[in-house]
Asker: 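One structure, pasted below without further comment.
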Amino acid sequence: MDALVPLPVAIPLIAAAALTATGHFLEKRVDDLTAIAASAATLVISLLLVFHAADHRLAYWMGGWKPRHGLAIGVSFTVDPVGAGFAALAAALMTAALVFSWRYFDEVGTLFHVLMLAFLAGMCGFALSGDLFNMFVWFELMGAAAYALTGYRVEETSPLQGAINFAVTNTLGAYCVLIGIALLYGRTGALNLAQIGQTLAGRSPDGLVVVALTLVVCGFLVKGAIVPFHFWLADAHAVAPTPVCVLFSGAMVELGLYGVARVYWTAFAGVPGAHDGGLRDILLGLGVLTAVLGCVMCFLQRHIKRLLAYSTISHAGLMLIGIALLRPDGVAGSALIVIAHGLVKGGLFLCVGILLNALSTVDELRLRGRGRALWPVGVLFTLGALALAAPAPLGLFLGKSLVEGSAAHHSYGWVAPLVTAVTIVSAGAVLRVAGRVFLGLGAAEDPLLSPEPDEEHEVAQDPERSGVLMLLPTAALILAGVGMGLVPGIEHHVKHAAETFTDRQSYVATVLNGANEHTAVDSLSLLTLHASSVAWSLASLVGSVLLALLALYRERLVGRAARDRAYALVGGGLDALRAVHSGVIGDYVAWLTFGVAALGGLLALVLT
Amino acid sequence: MSYLPYALAVWIFVVGIYGVVSSRNFVHLVVCLTVTQSSTYVLLLAIGYTNGGTAPIFADVPQTSKAVDPVVQALTLTDVVVSVTVAALLLALAIQVQKRRGTMNPDELRELRG
């Protein structure tokens, strides 16, 4: 069974190499089929690994370089259900995106498939690796493929600008990670996560460890699109081809947060003071800031891809809140949010892709009422939007309620209303789009939304092509995301996986001592519908529908004087917020530098 | 072992970031990015350096002789390979920007506001 471990990386890489070599001679359909087959095989193997690793972790040593006397020299893949689950999610989204691409592009060369497969290999490698430098290499592979995919339509300018912003900020993030790794290697002499954790454990952190932690965390947070490192995300999503956005929103951003959690729980969790309130409060603050800013910016967009991108930022904030609690049930909540959000958001992006294909624009106002003919897409889009509102027990509900419960346990009682408010705003924005585009509700003009001059030309207008091959993966993703909470025992399994993920002692035992112990968990609990979480979910569902209606019909519902007063009150703030998202790379890098310095200062204050 | 290489690494990193932030030309920006990156080479090599150490090749010297750490050198090499890819990609994108828009100035591209 161990032989399966390297396959999620090997299969896509080998398929990518084969396609590069032969793609020029073969039919386009052969490229499509090869890529889809490789990605589906990766999905199956990742799922097998999830089940196989469910009761004990797997440590696989490349080239058989096993540790001697508890000292790791080789590079390991350390597979637990969370890591393998991430690989499976990425492969599932990739398969859906590739099936969708079958009929989507007018002209797509072999390179598209090659890049997509390399991207998948990078994500799987990052999720499975147990070696810090190896994680960096996968991180960069995933990044390089993603930059190229963003700028895939090089004949236009805005994809270029989006790709450059994305590449420069994320590359700087990667350098931060690398410097952090170098410092950790200098201190511990190790690159294996378990070994680093063993060496750091029990020693109180000094300046060097704090700087290393800051740099590694900041680097991964750039990929995780956490404020103030989030600017690249909306630019990249707005311009990347829609099937690529599915991967960006559904898996890549979450992998940044996964990196933070993985490194924290394996390398830093043993450091005295790491569990204390200080670190928790800092991460919680970042999560809250990201969630709130993301949902406000989301509500202000009329470019639907950009709107969904800001909604992803907002959800990344919610996931970070779950991780920031530094408890297994918080991690479990975040993991459940990641799965449901990845599937639903992927499906929503594919809906937008179909709109773009049929109607040549993704501008909410220009599309007003024009989506009526595409009613199956409208039904799916609305379902996805409702799933984002987290109604019990569907969509994002399970994860959201676990995070809320975990926070309440920590006497962070304010997290539940805050998460609900954020959910209302971001789901309300998506519902507003659904109402305006597919039902023709609301006004034709909306001065609140950001102006949107440019048009999309990703695909030529051809309604004939919006065939079943585009609708099928869309429906599959949305329905899977909506129904995910209904899978029997999923909450229990994810909780168990999170217990395994956060258990540093048993991680070290598996990796360094080759122990094959069962990771038993005692706190078994079935799906628990607490009255309070059901109440919050009802509030978010009703609230988001009401907010969407208010946004559409505010001219009728609210008097002119009251509206003017409201604009005067918040208008300046919103304009400032828009101005901050300037699209200029220099500004983004300045924010990144500021973020690293501020986070480093705060961590130094609380840890030393 | 002196602190000089570490101070140098920090200096190169900061100078590179300053260049990226203040850049008015995409090619200049990409070069500044590689400057930032070279700080990681200096840092990595400094970490593995020992005074009086030889290259870590034990073909014609006794196995017990002092040598610098080969691991960081391998890391540096990987780092070079990985980042050259990104730099090449960015330069290709910069050429396309020049072709499409006739400008190299990031400030003149304002499609992605708000």
Side-chain angles (χ1 to χ4, degrees), chain A residues 133 136-137 140-141 143-144 147-148 151 154-165 167-168 170-172 174-175 178-179 181-183 185-186 189 191 234-235 238-239 297 300-301 303 306 449-454 575 577-590 592-593, chain B residues 6 9-10 13-14 16-24 26 29-30 32-34 36-37 39-48 69 71-72 74-76 78-79 81-83 85-90 92-101 103 105-114:
Chain A
F133 186 74
F136 164 78
V137 174
E140 279 283 58
L141 174 64
Y147 314 148
V154 281
E155 61 276 12
E156 291 160 54
T157 41
S158 65
L160 294 172
Q161 194 192 359
I164 289 175
N165 289 356
V168 172
N170 279 264
T171 306
L172 283 173
Y175 295 161
L178 181 62
I179 295 176
I181 293 172
L183 294 176
Y185 179 78
L191 292 171
D235 294 357
V239 303
M297 285 304 290
L300 295 179
Q301 305 301 315
H303 187 293
R306 229 174 143 76
L449 305 183
S450 299
E452 198 59 52
D454 61 328
D575 286 343
L577 212 52
R578 281 198 190 103
V580 168
H581 295 79
S582 61
V584 177
I585 179 62
D587 299 356
Y588 293 2
V589 175
L592 190 150
T593 318
Chain B
Y6 298 99
V10 172
F13 190 83
V14 172
I17 293 269
Y18 173 77
V20 172
V21 171
S22 63
S23 182
R24 293 282 170 275
F26 277 123
L29 191 146
V30 177
C32 289
L33 199 65
T34 48
T36 312
Q37 190 214 352
S39 73
T40 61
Y41 309 154
V42 176
L43 178 71
L44 280 168
L45 295 179
I47 284 170
D69 186 346
V71 173
V72 286
L75 302 192
T76 310
T78 317
D79 180 21
V81 174
V82 165
S83 300
T85 320
V86 175
L89 183 66
L90 276 168
L93 291 171
I95 290 174
Q96 288 294 330
V97 172
Q98 171 69 35
K99 276 190 188 162
R100 304 289 151 202
R101 289 291 297 270
T103 176
N105 190 344
D107 290 349
E108 285 174 19
L109 299 180
R110 289 275 177 161
E111 272 114 356
L112 294 171
R113 281 182 61 97

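So you know, we letter chains A, B, ... as the sequences are listed, proteins then strands, and number each from 1. This structure is a prediction, so every number in the text was calculated from the model and none was measured.
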Asker: Where on B:Leu75 is there a heavy atom nearer than 4.5 Å to chain A: the side chain, the backbone, both, or neither?
Answerer: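 Both parts, backbone and side chain.
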Asker: When heavy-atom pairs shorter than 4.5 Å are enumerated against chain A, which of B:Val71, B:Val30, B:Leu44, B:Val72 gives the highest number?
Answerer: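 Going by pairs under 4.5 Å, I would pick B:Val71.
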Asker: Please look at A:Leu183 and chain B and tell me whether the side chain, the backbone, both or neither of the residue comes under 4.5 angstrom of a heavy atom of that chain.
Answerer: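 Both backbone and side chain.
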Asker: Sort B:Phe26 into side chain, backbone, both or neither according to what part of it lies under 4.5 angstrom from a heavy atom of chain A.
Answerer: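 Side chain only.
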Asker: How close do A:Ser582 and A:Asp587 get, counting heavy atoms only, and between which atoms?
Answerer: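 Closest heavy-atom pair between A:Ser582 and A:Asp587: OG-OD2, 2.7 Å.
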Asker: Sequence neighbours excluded, which residues qualify as side chain to side chain contact (heavy atoms under 4.5 Å, CB included) partners of A:Val168?
Answerer: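 By the side chain to side chain contact (heavy atoms under 4.5 Å, CB included) rule, A:Val168 matches A:Ile164, A:Leu172, A:Ile585, A:Val589, B:Val20, B:Leu29, B:Leu33, B:Leu90.
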Asker: Sub-3.5 Å donor-acceptor pair from the side chain of B:Gln98 to the main-chain atoms of B:Ala94, do we have one?
Answerer: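 No: the side chain of B:Gln98 does not pair with the backbone of B:Ala94.
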Asker: Please list, chain by chain and in numerical order, all residues satisfying ring pair (Phe, Tyr, Trp, His ring centres under 6.0 Å) with A:Tyr175, sequence neighbours excluded.
Answerer: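 By the ring pair (Phe, Tyr, Trp, His ring centres under 6.0 Å) rule, A:Tyr175 matches no residue at all.
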Asker: Is there a side-chain contact between A:Gln161 and A:Val239, using heavy atoms and a 4.5 Å cut-off?
Answerer: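 No, their side chains stay 4.5 Å or more apart.
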Asker: Below 4.5 Å from any heavy atom of chain B, which atoms of A:Phe133 appear? Answer side chain, backbone, both or neither.
Answerer: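 For A:Phe133, the side chain is the part near chain B, not the backbone.
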Asker: I'd like to know which of B:Thr85, B:Ile17, B:Val81, B:Val14 tops the heavy-atom pair count under 4.5 Å against chain A.
Answerer: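 Option with the greatest count: B:Ile17.
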Asker: Of the listed residues (A:Ile181, A:Ile179, A:Val137, A:Thr593), which shares the most heavy-atom pairs with chain B below a 4.5 Å separation?
Answerer: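 Ranked by contacts with chain B, first place is A:Ile179.
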